[in-house]
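Below is one structure; the comments refer to it alone.
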Amino acid sequence: MAKDEFLQVVDLHKRFHKLEVLKGISTGFRRNEVVSIIGPSGGGKSTFLRCLNLLEVPNSGQIIFDGVDICDKKQDINLHRQKMGMVFQQFNLFNNANVLHNLIDAPMRIKKLPRETAEEMALRLLGEVGLADRVDAYPHQLSGGQKQRIAIVRALMMEPEVMLFDEPTSALDPEMIGEVLDVMKRLAEDGMTMIVVTHEMRFAREVSDRTIFLDDGHIEEDKPSHEFFDHPESPRLVSFLDKVL
Amino acid sequence: MTFFNEMAMLFTRYNSFFYEGVRNTLIISAFSVLLGIVFGTLMAMLRMSKILPLRLLATAYIEFIRGTPLMVQLMFIFYGLPMVGIQFPNIPFIPDFSRFAAGIVAMSMNSCAYVAEIIRSGIQAVDSGQMEAARSIGYSHSQAMRYVVLPQAVRNILPALGNEFVIVIKESSIVSVIGIADLMFRTKDVIAVTYRTLPSLAIAAVIYFCMTFLGGQLISWMERRMSHGKG
Ligand SMILES: Nc1ncnc2c1ncn2[C@@H]1O[C@H](COP(=O)(O)OP(=O)(O)OP(=O)(O)O)[C@@H](O)[C@H]1O
Ligand SMILES: [Mg+2]
């Protein structure tokens with residue numbers, strides 16, 4: 001296990017009642033790394049990602065984040081979650097609040113940022129994703145692509161060490177996928193550490209440094225993206241790529 | 001004399017009966033709903049508690065209340081409690097306090113169960129993604145509840161609570177059987193004096209309808225105000 005991995009996963013198991021979804025996952029993530037996770041539906045990709053910030057509680061195994069095992073009940077998970085941003089397929093913007101409030105509430109409430117600082121930061125980040133003019137809009141007034149870009153900004157507002165994406169473009173109309181992928185690509189270029197569950201093979205291949213094939217609760221293959229796509233080894237990955245490419 | 005003339009005549013002559021009835025009906029309903037909301041909120045919290053025995057207790061209470069007639073519950077409170085030694089006291093200056101107390105206790109115990117379900121389903125109707133998103137950026141469970149879920153749940157809950165008030169106004173007519181001088185009770189008085197059954201009942205129906213209709217209008221006005229500017 002490499003020393004420079006700030007996030008390590010050791011023999012992670014997760015069951016839902018009798019259904020074993022994660023059957024012993026071990027891997028690690030380095031800072032500034034962009035990792036894609038692909039695999040067939042039901043293979044456990046979302047469950048794995050949600051285990052990383054304990055939205056799902058693993059049955060056994062360790063998740064070592066910045067040197068501490070966050071599965072340990074004594075750890076303050078709220079503190080660790082602030083350092084892990086998450087972007088959901090369904091955006092999940094707070095429906096009762098406008099864009100600005102969506103962005104500044106957590107930094108102000110949880111990190112005790114002064115309002116001016118939070119607003120300044122929100123406007124700057126909104127500008128970077130091309131949505132500065134929607135600062136007063138409510139979520140229902142936004143398109144899916146706009147919602148997702150704002151959801152990304154909301155996660156960035158907490159200045160996380162790593163961003164988790166669970167199929168961020170799967171709920172979008174095709175013409176809006178590009179605008180969200182562009183934002184993600186720029187994040188990657190800026191050095192953000194990203195773990196991305198995706199069906200976008202081009203993103204996995206061209207943007208991510210490494211790709212993981214998660215199938216039936218196992219990591220079947222895990223290597224640098226160009227090798228992953230040019231020389232897949234596992235027969236299951238070969239047949240999966242045949243189907244999706 | 002036409003039916004409507006007869007109604008008008010009865011109402012003019014006995015309007016003090018009807019006014020007193022309306023007053024008592026509104027008092028009973030308002031107290032029942034208020035107490036029902038206070039205890040219903042607590043009951044909803046028990047019902048959603050992490051502690052299994054509390055949850056079971058609350059579920060049992062809610063199911064029992066919703067599965068038995070209000071009439072039976074009322075009789076149990078009014079006749080049953082004194083038999084086991086629990087007596088509502090009579091208080092000077094408030095005539096018939098013990099009857100009122102029994103009526104309000106029974107009605108609010110009943111309303112409590114329905115309110116608890118209204119609140120629970122209002123909270124559960126909020127998309128679970130909202131709670132998850134809040135937790136994922138570091139809100140504690142109670143912060144996420146307070147700042148993200150509840151503000152959205154309230155918009156499901158308030159209209160249903162208003163509806164509950166309308167239902168309570170109608171159901172409260174049942175307290176006349178334990179001798180509370182509500183609108184139904186006073187209507188029966190008027191019938192007993194005049195033998196004009198149908199016109200008297202028609203007056204009561206019109207008054208009940210006015211109360212529930214105005215209540216309903218008030219609620220939809222509040223709903224419109226609340227949805228203003230929000231999604
Ligand atoms: N909360 C839950 N309760 C019970 N079963 C669940 C739960 N969440 C997921 N599962 C099951 O676990 C398995 C893995 O689900 P998961 O969502 O992790 O798959 P996935 O790889 O993300 O698939 P997809 O590509 O369709 O999103 C599925 O069989 C799913 O039905
Ligand atoms: Mg998934």
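Not measured: the values here are computed from a predicted model. Reminder, nothing fancy here: chain letters follow the sequence lines and each chain counts from 1.
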Scan the side chains in residues 32-42 of chain A for donor-acceptor partners under 3.5 Å anywhere in the protein, sequence neighbours excluded, and list what turns up.
unit_1	atom_1	unit_2	atom_2	d
A:Glu33	OE1	A:Arg30	N	2.9
A:Glu33	OE1	A:Arg210	NH1	3.1
A:Glu33	OE2	A:Arg210	NH1	2.9
A:Ser36	OG	A:Ser208	OG	3.0

Determine the option with the most heavy-atom pairs under 4.5 angstrom with chain B, choosing from A:Ile110, A:Asn53, A:Leu54.
-> A:Ile110
Residue by residue, scan residues 54-77 of chain B and write down, ordered by number, those that have a heavy-atom distance under 4.5 Å to chain A; if none do, write 'none'.
-> none
Kindly compute the distance separating CD1 (B:Ile137) from CG (A:Leu156), expressed to the nearest 0.5 Å.
-> 11.5 Å
Heavy-atom pairs under 4.5 Å with chain B are the metric here; pick the option from A:Arg154, A:Met157, A:Lys111 that has the most.
-> A:Arg154
Do any N or O atoms from the side chain of B:Gln130 and from the backbone of A:Leu93 form a donor-acceptor pair under 3.5 angstrom?
-> yes
Given side chains that start at C-beta, do those of A:Phe88 and B:Ser136 come closer than 4.5 Å, heavy atoms only?
-> yes
If you draw the axis of the six-membered ring of B:Tyr147, does the NZ or CZ of A:Arg109 fall within 45° of it and under 6.0 Å from the ring centre?
-> yes
Can you tell me if CD on A:Glu120 sees more than 12 non-hydrogen neighbours from other groups inside 6.0 Å?
-> no
Would A:Asn78 and B:Tyr139 satisfy side chain to side chain contact (heavy atoms under 4.5 Å, CB included), going step by step from the backbone distance to the final call?
-> CA-CA 6 Å; A:Asn78 297 324; B:Tyr139 288 88; over 6 Å; no
Which distance, rounded to the nearest 0.5 Å, do you find between the OG of B:Ser140 and the CG of A:Asp76?
-> 9.5 Å
CG/A:Asn95 to CZ/B:Arg155 distance, rounded to the nearest 0.5 angstrom?
-> 8.0 Å
Portion of A:Met158 that has a non-hydrogen atom of chain B nearer than 4.5 angstrom = side chain
Kindly compute the distance separating CG (A:Leu55) from CD (B:Glu132), expressed to the nearest 0.5 Å.
-> 5.0 Å
Does CZ in B:Phe31 sit with more than 12 non-hydrogen atoms of other residues, nucleotides or ligands closer than 6.0 Å?
-> no
Would one find more than 12 heavy atoms of other residues, nucleotides or ligands at under 6.0 Å from atom CZ of A:Arg31?
-> yes
So, for B:Ala133 and A:Asn92, which heavy atoms are closest and what is the spacing to 0.1 Å?
-> CB-O, 3.4 Å
